[in-house]
Each structure stands twice: as structure tokens, then as C-alpha cells.
Amino acid sequence: MPKTAVELLRGETEIDAAWAVFDAEWYLATYPEADHCCGSDPGLALDYYLRFGCRLGHSPSPLFDELFYLNRNPDVAALIRAGQYRSGFDHYCQHGYRGLSPHWLFDDALYGRLYEDMTLDNLDRHRCFGRYDHWLKSGQREARIGHFMFDPQFYRARAIEAGADPEDLERCGPFAHYLYALYRDVPELAASPYFAPDWYAATHDRARAAIAAGIVRNALHHYVTLGGQDGFDPVPEFSESYYRDTYPDIRAAIEAGHFPSGYRHFVQFGAFELRRPRGDIDLLYYRDMNPRVRDDLNAGHVRDAFAHLRMIGLKDNLVFCPPERVPDIAEPAAKQLFELKARNQVALFARRRLNFAQHGPAALAVVMVLFNRFELTMLALASLRDNYADDIELIIIDNASTDDTRRIETYVMGATIVHSRENLGFLKACNRALELVTAPALLYLNNDIELGHGAIAAALDRLETDTAIGAVGGKVIRTHGRLQEAGSIIWADGSTIGYLRDASPLAPEANFVRDVDYCSGVFLLCRTDLIRRLGGFDEAFSPAYYEEADLCVRMIEGGHRIVYDPDVVVHHLEFGSAANTEASMALMRRGRRVFKRKHAAFLKTKFESTPANIIKGRALDGRGKRVLFLEDTVPVRRLGSGFVRSNDAVRAIAEAGWRVSVLPVNGARHDIMSLFGDLPDTVEVLHDRTILTLPQLLEERQDFYDAIWISRTHNLDRTLPIFREAGIDPVRTPFVLDTEAIVAARDAASAAVGSERGDFDLAAALQDEFRNADVCRHVTAVNQAEAAMLRELGLPQVSVLGTIRDLDPTPRGFSAREGILFIASIHRRDSPNFDSLRWYRDAILPALIREMGTPPKLIFIGYTAPDIDLSEFADNPHIEIRGSVDDIRPAYNSHRVFIAPTRFAAGTPYKVYETASFGLPCVATDLLIRQLGWDKDAEIAGAAVDDARGFAREIARLYCDEETWRGMREAALRRLERENTRARFDATVKSILDEAGKPASKRRPYLRAVS
């Protein structure tokens, strides 16, 4: 029952709204002109306000901000100028309290979204006059949130620490206490974990000037009303520019007016999604690497990981980002520790001898050459025995040692041990051992090493993958944790370099498989028959050094490959077996001279020794076939959605023989094990790079990539200026744009089902979305319908690159199944899947009840973002929300019908491919059926997006008719097998790359690929 401001403030009504307050003392203190006219008499203040002040932009109390209200609602200001209302407060009293925000620090819409009981109908029943009334009366004391920058509990604690009276805080409430403090000459207190007022004022000159000039009341007032929109950082741990640049979806949402700033999105959603607030802050790492953080979050002590970081983590020095480099440990000290470790465990071999006795022919021979250093040898042999449980043909050549190595048989059983009367040197000793080898694989292994987990098995597995592989080497790590080599490079002048020496073993460049010039003899696994044909090591390099480089080059010249495998990890005490490092250097210089004379022809094919050539010289394979693959993040399969398809695309590109470097435009948000383990081992996963470091990468790798594959159109828009700045010409270096899904098509569908954006101009949206696509040599779409849209835009080379889904039909029969299944992820409230669930509840379910009486229960399974509340479905007896599950196959095996009631989307629905692969028939909307290109009523059932009754009829038909159910199940499986196999997908990717790489004169007008 609306009332005017006059009626409410004069008490002429029984309405008791907490915001309907006139504070005479505050009013006179705040507006000097009123105080002057009223002679400081509070009794006259209300009359002055109602007659004059309300028209001058005055507020009746700190609880209502007149100027904010008028600026936020220009239509109301126009009505006031037209004489329909006396003031903004008058409008609020009569109408605005039912949905408009009365103050810059209270968000009416947010309060309604956060709390289900804040519907206007429910408030009316409890005689609350709008959400702000509830907030003032009780919400601020119940620890509810009325604005993303004000936390009543947090502020209350800060106020008490500053000396505030707890009784006063309880009487007026933390929010009202804060509002009155705005007008007192007191230091500004932080009102939430998400804002640092002192830092903000000290950092931003314009904010400080606005406060001094009285334009705003304090730092928070400036940020909420001005600074956020202007891109000011609110706390030192958040970078507005980084957030907008890193997440294009957020930038687009800001530009569309959905959020006033990136920080607003971050606090409301991004912190829960563990997005990075700043380049060097990894919230996923912070949460997962600090048990205290997880415990506090699970206990509800803090709202999110970012709040925990600001409130606790920084103060307690908790780690919030993975180490970017190996810690600085002095190598001499690390060597001493390695030697001490060997010495400290030597006594155990007196009772626990190492047993290398064979039980049959061994697949592996290990050759180890010794000269003293008994403790190191026993550490190496123990590591060898622990590392590989199968039979090993161990051959030890002792080069006239003088320490306990002379009695090594006492501690090592089952080995062939040869004690030489003279020091033969490493090379000749290895050749002598070769005469004794019978196993098909031969490992040359230093005695100053410790093997990483599974190193030998990994090397043997790699050797067996291709008969052309002559030798396998691994990642050699020095004692202080830095790399000695990740494969080695031979330069045109005969010099060599261990690739990535001194880098971190976790560096992306060190963690993918590739062919190399050579691997050092620290760990070199070879084919025995090949080594015999080559005559072992060339004794021209005796006593040592360059012999393994020479051996590998001879293998290469014979048509064999030398492969670096990062899963083969070897910890090495560099020069641990050498008595004199200067003497070792002299031997290296001599070996180089011999090598240059012997391999002059080979060296003519090598690069000059310059830092710029290291990236080109690191691999022998892939020349002319290197592609930079850009995606929002590293496309691990567990992300679902389009990332599964991107993952398949990377695999297909690698399968086509291209060397792939994956760069996550927005950064990698998963652990290294997931990133490396979910992509082919030949792929370089640049997990430590983002769009911010792309310019540096392109500078480091000039003329390196032969093609650029860009997933998602927004990534083309964001990175194209960077490529141009780097001098990369799309005419010479082909760009392939994989659209994944056309956003304009999804937005058009969303508008068609009742979004508030009015008429949607699809043609204009398409032109804008693909404004830069004409630079691309090739563009892909996920289905024929979207490919047709792209061709209509005039893009000449368009292919359909579909989706892979392997068949895995569940066995349970029709009669043994029951219930309806819907599996999907809900990341946002405006997502298609949230809309689908509500449409089912509100329209399809009532129609299904009319069709079937008691309908089957719908089970919803899937990831739901932390800020999405699905409790609105809790009381519905026909819907059960289960959330995420580790294994979805049992659900597909037990349910009878799958539904996909999607009313707006783009691309193709992976969830339908998935359900079909499990043998569960599906009812979908015509929108999805068109995207799939499937035959309605044959492979899938469906109805129009506005036909809830038709959708319900199809559910009932499929649920009750076993013959229809079986026929549709089998037809969908056949369709998948025909169109969605990996072989077809891989062939399409290969065709796209082959076509993109052709000279312009030899390219076809466009490629009609099928998938």
C-alpha cells in the first residue's frame, strides 16, 4: 500500500518501514543551508526538508541516498522534473521500495537473488516493505549480504577493534552504524574482505582528490560509484585490467552492462570458480596446497579462497602460486648432500645384498663402468634394482678401482663383474662390456645417478613403440634440482648444449617427447643389435667424451631416431665419477675436434650456435610442421563442454604429424599432472603462459610456427593484434579458426525464448562476431547449419569438424530401467541448462503428469557452480538433484530415458552424443536436433522449443514403448558409429591442415569435410 514521503515522514500512516526515517540532527549537520534557515532547531528541520530540501537533492537520513537514486534512475528524475513526485525519496516511498536500490551500498536485486525468502509476496506477508526494509530490520544482523562490498559481520569485528560500543552496534545494526560513520570525522574502516580503503586511497590519486573535495564520502563510496567502472583496483591482490584481459567472457559481460566491473563478477562468481585475480595468484593452487584453507572453507569460516587469502593467507605466509623456478640451492652443497646420502646408506648392503640373479633370458642389459666411488655405485645399483623388478643382465666393468669397489661381488649378486687390471677409460670399458651382452636392449648407465620412478620401464616402452627408434634418453636433473639436459643439441661448429640446462624440470619445454640430436651417456637405452652393427663406441674418442654424440649421429645417419622422453627421470651427480673436472673439460675439447672432422657433412645441416636457434635446434622432428594451438585454458577433458572436443583436436593434430604447442589464453587452472596426463606426450603444454606472455613467446620463437590454430572466435579477436605486432603474417603463416560454437546463434535462440534483449539482429551479430575471421586460411564449424552461416558471411574455406564419441552401450534392458535422466553442468544462472531444468519443472512436468498420471522421477546430475542455488527444486517430489558424481555410467545404465530440454544453445550438444553412446534414447528440442543433423523419430525424439506438451508426449511415448525405445537406441548408436568416430575426426583435421598449408594457387575454394 504505497504512501507519499509526506505521509510516511509525518507519521500519518501505520506503515512501519525502517527506511522511512527523517533524522533531524543528522540533516541539519549535513546540510548547512537547512541549518541556517532552521536556526539549528530540529523541530523545524522536517518542514524545511518537505518544503525545500527534498527538491534540492537532500536525503532525509543516511539510510537513503537521494543523489545516488536519481543518478541510477534517470527515468525517475524525469518524472520529478515533470512534477509527478517531490523527490527520489518520494518515488521510493510510493513505488521504488519494491525493487529499486535506495543506496549505493545496498543492491536490491542481489539481495533478492541471494535469498529465496526475499520475494515481494513473502515480504508482504510478513509486513516488510521491500527488501531494504528487511535488511535494515533484521538482515544486517543475520549476517546476510546486501552488497558485495559490505559484510556486516566483518565490519562489526573491525568496528569493535576500533573501539565502537557493541551495544550501539547491536542497537542500530552494523550497516546503519557504517552509514552514520560516513559523516563523522573518523578513520574509514574496511567493510568487507574485498576492499582495502587505506590502500585504495593511497594508490589512486583521483579517488583521494574526490574524497578531499567532498564529491564522495570515503574510499569505498568512490570505488562503488566511480572507481569500479573506471577500472580502479580495489585491493592490491586484484588487477582489474588483468581480469578483463584474461577472461574475455567477463569483458564481454561488462561491455554488455551485466557487471559494472570485473571485480564485481569476481567477488560474486569468479572467486568461487577459482579464477585468477592477478597473474601471480593461483587460487586453485592456494586452496589445494594449503590444508588449512580447505579446512576453513569446508567449515564455513570464510566465504571463498580469495577472502581467505586476504584475511589469513597473506598474514600467515601461505603459498598462493606454484614456484616458477627451482629454489636457489647451491650446487656444491647439493652435491655434498647427494654424496652424504650415498655414504649414509652403504652399511645396509652388508646384510641386504643386491640380487641381480636372472631367472631366464633378460630383456634388458645394463652396462656400468666403475672407477672408485663405491658409495655412489651402491646407491645407483640399489636405485636400479628398486626401479625395475624384471630380470636385468647387469654387466659391471671395474676400471682398476682402489676402494671397496674391488670387493663389490660381496654386496652384489648375479651380476657379471669384470675387474680390469688397468683403467680402460669409459669408452673402451663399454665396448668390452658389449661383447658380453645378450639382451636385446642395452642401457648405458652412470654410477653417479639415482633413477626416478619407473624410468627404465618408461624407456623400454618408448623403445618398443617404433622399430626406427635407435636410442632413448631422459630428463637428467642435477643434485640441486636444476636440469642438466632435456635432450641435447649439436651445433654447426661441433659444440653441444644440454637443452634447458639450469631450467626447472617442470618447465613445459622439458615435458614433451621429441626426437633430438643425442642424449648423454648418463642414461642411454639402445638396441643391442644396432650398437653391434655400429661397432659400439668409436675408440677415436677414447678415453671418453663425445662418444655418445658420435654414436647417436651414426644412428641418425643410418635412418634411426634418438628420442627424448621426459618420463625417464635421472638424478645425476654431475662429474661425480670424474677425478678432475678440468681434465674432463680438456677431454671434451679434444672430443669435439675429432667429432668435427668425422661428421663435417652432418654438421652442415645443423644450426649456428645462437640463443635464437635453441628453440629450432631442440628437436629433429616436425620441421615445417609446428603449430601453436590457442584455447581458453588447457583443454583437459574433465572440463567438459567444448574442451573435450578441443582435446580431441589437439590429439588429431599430433596424430597428423604436427608438433603442437598448447597455449592457454586465460591461463592453466589445473594441476600439472592433469595437464600433462590428459594430452598426448608429444604435445608441449605451455601451462605457465597466458595471453599476457604471448608477445614474449612470439619474440622468443620467431619464424618457428608453421600454422596457428585458434579455438573460439573471441580468442582470435584478442590475439590477432598481438600476432600482427609480432610480424606474423596470416598469408604466410596460415591461421585456422575453430569456432567451437557460434555465439550469435546461441544469443538468437536465447532471445527467441523470452530474454529481455528485444529484437535480435542475427546478421549484425554474426558480422561482429566474425569481423576478423577473413584473415584465417580455414574456419571450422561444429555442424552443417553453422557452417552454412559462415559460408553466407563470405568465408571461403569452411569445414565441419564434428565431435568424437566412442560407443559404450550400457547393458541393462528396457524393463530393468526406470526414471528420467538429465546430465549437464550449470555454471551460471542464465545458462541454457538452468533454463532447461526450470522449463521442465514449470511446463513439461505438468504436461507429463497429464499424460502419465504419476510421472517417472527426473534425476539431475552435473556440476553446479558454488553460487547457483538449486534448492528451489528440493520440494518437488518428481525431481531429484544429485549434483556431481564421479562415475556417470551407472546412471546411464539404470535410467530409461534421457532428456535435453534445451531452448537456446550453439554448436552441438555433447550431452546427446554422450547419452547415445551409452545406449540411452533421448528426447530433445528441435533446436538440438537441427544442430545434430539427426533424423527425428528415428535416432532421437523431440519437440519444438515452445511445445512443452509435445515434449511431454515424446517422453511418455519413449518411456512406455519398448519397441520404439530399442529402435531409437540402436539407430543412435549406428549414427554415432557412422559419423562420430575418431578416424573420421582425425581425417578431417588432417585435411584442414593439409589444405591450410598449401600455396594459395593450389588451394580449393573450400573443403567440404565430413565428421
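Everything quoted here is computed from the prediction, not taken from an experiment.
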Inset, instruction - Test the R113-F269 pair against the cation-pi criterion, namely NZ or CZ under 6.0 angstrom from the six-membered ring centroid and within 45° of the ring axis. - result: no
Legend entry - Six-ring centre of F834, R838 cation under 6.0 angstrom, axis tolerance 45°: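 Relative to the ring axis of F834, which defines the angle, R838 lies inside both limits.
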Non-neighbouring partners of [X] that pass ring-ring contact (aromatic ring centres under 6.0 Å, His included), sequence neighbours left out:
{"X": "H103", "answer": "none"}
{"X": "F735", "answer": "F723"}
{"X": "H204", "answer": "W199, Y200, F232"}
{"X": "F873", "answer": "none"}

Does a salt bridge link [X] with [Y], judged by any charged N lying under 4.0 Å from a carboxylate O?
{"X": "D282", "Y": "R287", "value": "no"}
{"X": "D768", "Y": "R771", "value": "yes"}
{"X": "D107", "Y": "R264", "value": "yes"}
{"X": "E700", "Y": "R689", "value": "yes"}

Side chains of [X] and [Y], donor plus acceptor under 3.5 Å:
{"X": "E631", "Y": "S646", "result": "yes"}
{"X": "Y247", "Y": "H265", "result": "no"}
{"X": "S661", "Y": "Y705", "result": "yes"}
{"X": "E188", "Y": "N218", "result": "yes"}

Just jot down the salt bridge (charged side-chain N to carboxylate O under 4.0 Å, His left out) partners of [X], sequence neighbours excluded, or say none.
{"X": "E142", "value": "R144"}
{"X": "D738", "value": "R645"}
{"X": "E684", "value": "R618, R701"}
{"X": "R882", "value": "E880"}

Inset, instruction - Evaluate the criterion ring-ring contact (aromatic ring centres under 6.0 Å, His included) for residue pair F195 and Y223; output intermediate values, then yes/no. - result: CA-CA 9 Å; F195 190 73; Y223 178 75; 5.7 Å; yes
Legend entry - R72 atom CZ, over 12 foreign heavy atoms within 6.0 Å: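 No - once you tally the heavy atoms of other residues, nucleotides and ligands closer than 6.0 Å, there are 12 at most.
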Legend entry - R206 CZ: over 12 foreign heavy atoms closer than 6.0 Å: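 Incorrect, the count does not exceed 12.
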Residue pair [X] / [Y], side-chain heavy-atom distance below 4.5 Å:
{"X": "T739", "Y": "V779", "value": "yes"}
{"X": "V662", "Y": "F629", "value": "yes"}
{"X": "I742", "Y": "L790", "value": "yes"}
{"X": "D288", "Y": "V293", "value": "no"}
{"X": "R651", "Y": "V683", "value": "no"}

Inset, instruction - May I ask you to check whether Y194 and F148 place their ring centers less than 6.0 Å from one another? - result: no
Legend entry - Between F106 and F150, ring centroids under 6.0 Å: no
Inset, instruction - Output every pair passing salt bridge (Lys or Arg N to Asp or Glu O under 4.0 Å) with a member in residues 300-311, not counting sequence neighbours, ordered by first then second residue. - result: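 The answer is E237-R310.
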Legend entry - Contact list for residues 293-302, test salt bridge (Lys or Arg N to Asp or Glu O under 4.0 Å), sequence neighbours left out: R292-D296
Inset, instruction - Would you sort out whether R903 and D835 count as a salt bridge (Lys or Arg N to Asp or Glu O under 4.0 Å), showing the intermediate values? - result: CA-CA 8 Å; R903 299 195 293 172; D835 174 81; 2.7 Å; yes
Inset, instruction - Report the residues that fulfil side chain to side chain contact (heavy atoms under 4.5 Å, CB included) with S871, sequence neighbours left out, ordered by chain and then residue number. - result: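 In terms of side chain to side chain contact (heavy atoms under 4.5 Å, CB included), with neighbours along the sequence ignored, S871 is linked to E116, D869.
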Legend entry - N/O donor-acceptor pair under 3.5 Å between E769 side chain and A744 backbone: yes
Inset, instruction - Kindly determine whether H147 and F175 satisfy ring-ring contact (aromatic ring centres under 6.0 Å, His included), including the steps that lead there. - result: CA-CA 10 Å; H147 192 280; F175 181 71; 9.1 Å; no
Inset, instruction - Classify the angle between the aromatic ring planes of F238 and Y243 as parallel (below 30°), tilted (30 to 60°) or perpendicular (above 60°). - result: tilted
Inset, instruction - Dump the intermediate steps for salt bridge (Lys or Arg N to Asp or Glu O under 4.0 Å) on R251 and D717, then the final yes or no. - result: CA-CA 12 Å; R251 177 182 290 277; D717 297 337; over 6 Å; no
Legend entry - Nearest-0.5 Å distance, CD of residue E725 to OG1 of residue T719: 13.5 Å
Inset, instruction - Taking side-chain hydrogen bond (donor to acceptor under 3.5 Å, both in side chains) as the test, write out the residues that go with N715, two or more places apart. - result: D632
